[in-house]
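We number each residue from 1, following the sequence as shown.
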Amino acid sequence: MKMEKITNKIQMKAIITNLLVLCMGITLNAQTNINSVLASIEENNTTLKSLRESAEAQKLGNKTGIYLENPKAGFNYLRGNPSDIGNRTDFNIMQTFDIPTITGIKNRVAGEKNNLVEWQYRADRMNILLEAKQYCIELIYYNALKKELDLRLQHAETIAAGYQERLDKGDVSILEYNKVRLNLSSVQGEISRVDVERNALIEHLKRLNGGNDISLDDYLFPEIEFPLSFEGWYVGAEQKNPVLAYVKQEIEVSKKQVSLSKAMGLPTFSAGYMSEKVVGQRYQGVSVGVSIPLWENKNRVKQAQAAVRAAESRETDSKRQFYGQLQILYNRTLGLKATADTYRYSLETANSSELLKKALDAGEISLLDYIVEIGLYYNTVNQALEAERDYQMAFAELSAVEL
């Protein structure tokens, strides 16, 4: 019996030490492994590859149609009537061109549109990596819970073995022994549930990794440097956010489009060669022309200016929405941090699991009282892990612009 008490004491100390390490998250190893997982997903994710190819296709499309029109050539063969006047042949080739101002603006508009495409890709990339990071945090939580449950299982098995011996000796009743067995079955069932959740998360990460296996066995949450000032932190977040950059880029594209629309009101010119041949006569020389856009571009400038105002309105709204959403998320994350800190402190200062075991061994409390009391402690541990997970998940969303 004395040896059993020593063994149980050692196991309980191991549980306490492990829980404190789990909840405090005192290592950067988890962060390193999460980063390696995200790097692998960024390289292998099929959706990102598809988006990248689509972005390149759009960039090429933006560069299409900004060059000179194709040259035009014409040939006419006209029969004379009456036949004695002979036949007539005409040949001409013409090239239409814009003034250099229009050509330069078209190139700049195409460049701004390509920047717009790139910001859209970065926004899509951020969303995919955020999803992957949240899966990683969830997996770390279940890894930590699995490790804790394995220790509980060892402890429950030790108690069950001890009560089996006491039952064989007639020291306890079958009812007491059944309570121990039910407690053991409860732990085993929880482990099975956790294994199901872990496997599902691993499959999600595998899907995001292009079907390639992902390994993440960490059970320690990464350290978080929570920003003390929302306003100071928001300035940097606003500059890094690809969605805000996208709507800001829309304004630049619209402004360039205004310039292009105004320039399109200028005449376009054409130049070429023309020849005409009839019986005994031939004419050849230079041909020039000018096209004055009197009606074709009507309201185009007004439409472009309206597009600028609409883009500016979207930027104002997007900034206001982004600021409000981040402020709510910041306050929520701060609250979850306080909850996680409270649970950590409670586990450090108010842990009575070892005293409960001593009281049970000494016969000072019944088995039922022990199971109820240790159940309260286990519930606190579970809530502590959940609070840490929720805090990590909220901060991952808050800091998604860093991905």
Donor + acceptor pair across side chains of Gln249, Glu112 (<3.5 Å): yes
Sub-4.5 Å side-chain heavy-atom contact between Tyr391 and Thr339: no
Without hydrogens or angle criteria, can the side chains of Asn62 and Gln58 be said to hold a donor-acceptor pair below 3.5 Å? no
With a 6.0 Å cut-off on ring centres, are Tyr323 and Phe230 close enough? yes
Verify whether the ring centers belonging to Tyr219 and Tyr141 lie closer than 6.0 Å. no
Mind checking the CG-CG spacing from Asn87 to Asn81? Nearest 0.5 Å is all I need. 10.5 Å
Can you tell if the side chain of Arg193 reaches within under 4.5 Å of the side chain of Glu197, non-hydrogen atoms only? yes
Close side-chain approach of Leu398 and Leu326, heavy atoms under 4.5 Å: yes
Do Asn382 and Glu386 have side-chain atoms, one donor and one acceptor, less than 3.5 Å apart? no
Quick one: do the Glu388 and Gln392 side chains pair a donor with an acceptor below 3.5 Å? yes
Is the positively charged end of Arg88 above the ring of Tyr77, judged by distance under 6.0 angstrom from the centroid and angle within 45° of the axis? no
Are a donor atom and an acceptor atom from the side chains of Ser40 and Asn44 found within less than 3.5 Å of each other? yes
Cation-pi check, Arg52 onto Tyr121 ring (under 6.0 Å, within 45° of axis): yes
Those residues that, when tested against Lys106, pass side chain to side chain donor-acceptor pair (under 3.5 Å) (two or more places apart): Asp98
Taking the side chain as every heavy atom from C-beta outward, state whether Gln164 and Asp168 have any atom pair closer than 4.5 Å. yes
Within the 3.5 Å criterion, strictly below it, is a donor on Gln284 or Tyr273 matched to an acceptor on the partner's side chain? yes
